[in-house]
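Atoms within each ligand, like the ligands themselves, are counted from 1 in listed order. Model, not experiment: these values are computed from the prediction.
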Amino acid sequence: MYKTHAYAARSATTPLSPFEFERRELTAHDVRIDILFCGVCHSDLHTARSEWAGTVYPNVPGHEIVGRVVEVGSEVSKFKVGQLAGVGCMVDSCRTCPSCQEGLEQYCEGPGGFVGTYNAPDKHTGGVTYGGYSTQIVVDEAFTLHIPENLELAAVAPLLCAGITTYSPLRHWNIQPGQKVGIVGLGGLGHMGVKIAAALGAHVVLFTTSQSKVEDAKRLGAHDVVISKDADQMAKHANSFDYILNTVAASHDLDAFVTLLKRDGAMTLVGVPEHPHPSPSIGNLIFKRRSLAGSLIGGIEETQEMLDFCGKHGITSDIEMIRMDEINTAYDRMLKSDVKYRFVIDMSSIKQ
Ligand code: NAP
Ligand code: ZN
Ligand code: ZN
């Protein structure tokens with residue numbers, strides 16, 4: 001067993017604080033990773049504060065993990081000690097259901113679905129899984145990713161969730177060069193969506209509620225920026241979008257965006273707000289055969305494809321590095337949409 005330092009939420013209403021636990025002994029297929037950086041996803045906050053039902057305390061969040069392999073099990077073939085490695089939102093799945101067989105482990109149909117990196121039943125320990133706000137992790141190599149060597153490591157961490165969650169729908173809805181693509185919300189997911197959609201050759205329009213983010217959005221690759229609270233600006237784009245990816249973390253009026261889609265256009269929701277959205281207008285959907293859809297992270301094979309794509313295109317996240325003990329302030333700032341554009345924890349700060 002490996003003594004591990006971490007930060008955990010003890011309840012929905014108390015700040016995260018230092019916590020110690022033990023990582024399991026390695027099985028033949030496991031790697032042990034010394035965690036160097038971990039991104040801070042809005043899902044961490046939703047979970048730590050029990051905004052979605054079912055948080056088991058203590059809860060160690062974190063599913064944007066990068067680090068270095070320090071030990072490998074006897075049958076590990078993908079990794080060697082000393083290599084960089086990443087772990088995203090999943091650490092296991094049933095591996096035999098139709099979705100797993102297709103490399104779509106995030107939609108695992110086995111009992112309980114995929115095993116989340118945190119707050120999921122841990123079949124090795126009998127407890128719950130603990131995530132990346134910790135000094136090390138033991139993971140099956142099948143759920144461990146290779147990190148492109150040419151990118152800044154800390155800025156790669158957010159690709160493991162924010163990157164794949166935006167890459168996967170953009171690929172699934174087959175975004176092509178020249179298509180008009182909207183990204184709603186310039187947070188962690190949204191800023192990755194802008195960069196990836198631009199790299200795919202789309203004409204990217206960013207929708208934001210924050211006037212202060214307009215210049216940044218253009219720097220990040222948006223061709224146009226719309227203040228979504230401004231009805232006149234919104235009206236100019238009616239019936240014009242091939243596709244919209246909505247990353248907003250709070251409930252809001254979906255019709256304002258659905259009406260911007262062309263006939264046969266689609267809007268995919270990836271934000272999972274604490275409170276439901278007001279029901280969208282069905283007329284807006286049927287009269288133009290528009291679709292409203294959802295999408296969940298991405299499979300392991302596609303996550304590797306996304307990392308390689310980002311390596312090739314030089315894409316990383318724009319990050320603000322924090323110490324582990326700054327996590328509670330970071331959460332409060334995230335709730336005010338005051339993040340440019342992803343907090344990343346420097347895990348060496350936990351040992352100090
Ligand atoms: P984030 O960094 O906090 O960004 C969310 C952005 O939404 C904000 O920066 C803000 O952008 C906009 N926003 C916030 N409140 C709003 C409001 N009331 N009305 C309109 N816009 C608002 O969060 P994130 O880490 O990107 O995560 C976004 C959501 O996706 C979360 O709910 C998270 O749990 C979920 N998520 C889902 C998946 C999945 O697989 N589907 C994966 C990861 C995360 P502006 O300032 O530009 O308006
Ligand atoms: Zn996430
Ligand atoms: Zn499965």
- Task: Measure from the side-chain N and O atoms of H277 to the backbone N and O of H252, and report whether any donor-acceptor pair falls under 3.5 Å.
- Result: yes
- Taking 2.8 Å as the strict upper bound, the Zn ion (ligand 2) has protein N, O or S neighbours numbering 3
- Query: Are V272 and V270 co-members of a hydrophobic cluster defined by side-chain heavy atoms under 4.5 Å apart?
  - Reply: no
- Query: Is a side-chain donor or acceptor of T117 paired with a backbone partner of G88 at a separation under 3.5 angstrom?
  - Reply: yes
- Have a look at Y130 and tell me which of F19, Y118, Y7 forms a ring-ring contact (aromatic ring centres under 6.0 Å, His included) with it. F19
When the side chains of residues 194-209 are checked against the rest of the protein, which donor-acceptor pairs come out under 3.5 Å, sequence neighbours left out?
{"from": "K195", "atom 1": "NZ", "to": "T316", "atom 2": "O", "distance (Å)": "2.8"}
{"from": "K195", "atom 1": "NZ", "to": "D318", "atom 2": "OD1", "distance (Å)": "2.6"}
{"from": "T208", "atom 1": "OG1", "to": "S210", "atom 2": "N", "distance (Å)": "2.9"}

- Query: Linking I/L/V/M/F/W/Y whenever any side-chain heavy atoms sit under 4.5 Å apart, do F79 and V66 land together?
  - Reply: yes
- Message: Please give me the protein atoms (N, O or S only) lying under 2.8 Å from the Zn ion (ligand 3), ordered by chain and number.
- Response: C94 SG, C97 SG, C100 SG, C108 SG
- Task: Compute both the distance and the angle, then confirm whether R32 meets the cation-pi test with Y2: under 6.0 Å from the six-membered ring centre, within 45 degrees of the axis.
- Result: yes
- Message: Using modelled atom types and a 3.5 Å cut-off, is there a donor and acceptor pairing between side-chain atoms of D242 and backbone atoms of V181?
- Response: no
Can you list every pair where an N/O of ligand 1 is under 3.5 Å from an N/O on the protein?
{"from": "ligand 1", "atom 1": "2 (O)", "to": "G188", "atom 2": "N", "distance (Å)": "2.9"}
{"from": "ligand 1", "atom 1": "3 (O)", "to": "H42", "atom 2": "ND1", "distance (Å)": "2.6"}
{"from": "ligand 1", "atom 1": "9 (O)", "to": "K213", "atom 2": "NZ", "distance (Å)": "3.3"}
{"from": "ligand 1", "atom 1": "11 (O)", "to": "L186", "atom 2": "N", "distance (Å)": "3.3"}
{"from": "ligand 1", "atom 1": "23 (O)", "to": "H42", "atom 2": "ND1", "distance (Å)": "3.4"}
{"from": "ligand 1", "atom 1": "25 (O)", "to": "H42", "atom 2": "N", "distance (Å)": "3.0"}
{"from": "ligand 1", "atom 1": "25 (O)", "to": "R342", "atom 2": "NH1", "distance (Å)": "2.6"}
{"from": "ligand 1", "atom 1": "26 (O)", "to": "G188", "atom 2": "N", "distance (Å)": "3.4"}
{"from": "ligand 1", "atom 1": "26 (O)", "to": "L189", "atom 2": "N", "distance (Å)": "2.8"}
{"from": "ligand 1", "atom 1": "32 (O)", "to": "H46", "atom 2": "NE2", "distance (Å)": "2.9"}
{"from": "ligand 1", "atom 1": "32 (O)", "to": "V272", "atom 2": "N", "distance (Å)": "3.0"}
{"from": "ligand 1", "atom 1": "34 (O)", "to": "S43", "atom 2": "OG", "distance (Å)": "2.8"}
{"from": "ligand 1", "atom 1": "34 (O)", "to": "H46", "atom 2": "NE2", "distance (Å)": "3.2"}
{"from": "ligand 1", "atom 1": "40 (O)", "to": "I297", "atom 2": "N", "distance (Å)": "2.7"}
{"from": "ligand 1", "atom 1": "41 (N)", "to": "V270", "atom 2": "O", "distance (Å)": "2.9"}
{"from": "ligand 1", "atom 1": "41 (N)", "to": "S295", "atom 2": "O", "distance (Å)": "3.0"}
{"from": "ligand 1", "atom 1": "46 (O)", "to": "S210", "atom 2": "OG", "distance (Å)": "2.5"}
{"from": "ligand 1", "atom 1": "46 (O)", "to": "K213", "atom 2": "NZ", "distance (Å)": "2.6"}
{"from": "ligand 1", "atom 1": "47 (O)", "to": "L186", "atom 2": "N", "distance (Å)": "2.7"}
{"from": "ligand 1", "atom 1": "47 (O)", "to": "T208", "atom 2": "OG1", "distance (Å)": "2.5"}
{"from": "ligand 1", "atom 1": "48 (O)", "to": "T209", "atom 2": "N", "distance (Å)": "2.8"}
{"from": "ligand 1", "atom 1": "48 (O)", "to": "T209", "atom 2": "OG1", "distance (Å)": "2.6"}

- Ignoring hydrogens and geometry, is there a side-chain-to-backbone donor-acceptor pair from S349 to M324 under 3.5 Å? yes
- Under 3.5 Å, side chain of H191 to main-chain N/O of G187, donor-acceptor pair present? yes
- Message: Under a 3.5 Å cutoff, is there a donor and acceptor pairing between the side chains of S134 and H5?
- Response: no
- Does one side chain, of Y341 or E320, offer a donor that lies under 3.5 Å from an acceptor on the other? no
- Message: For the backbone of F143 and the side chain of D140, can you confirm whether one donor and one acceptor N or O come within less than 3.5 Å of each other?
- Response: no
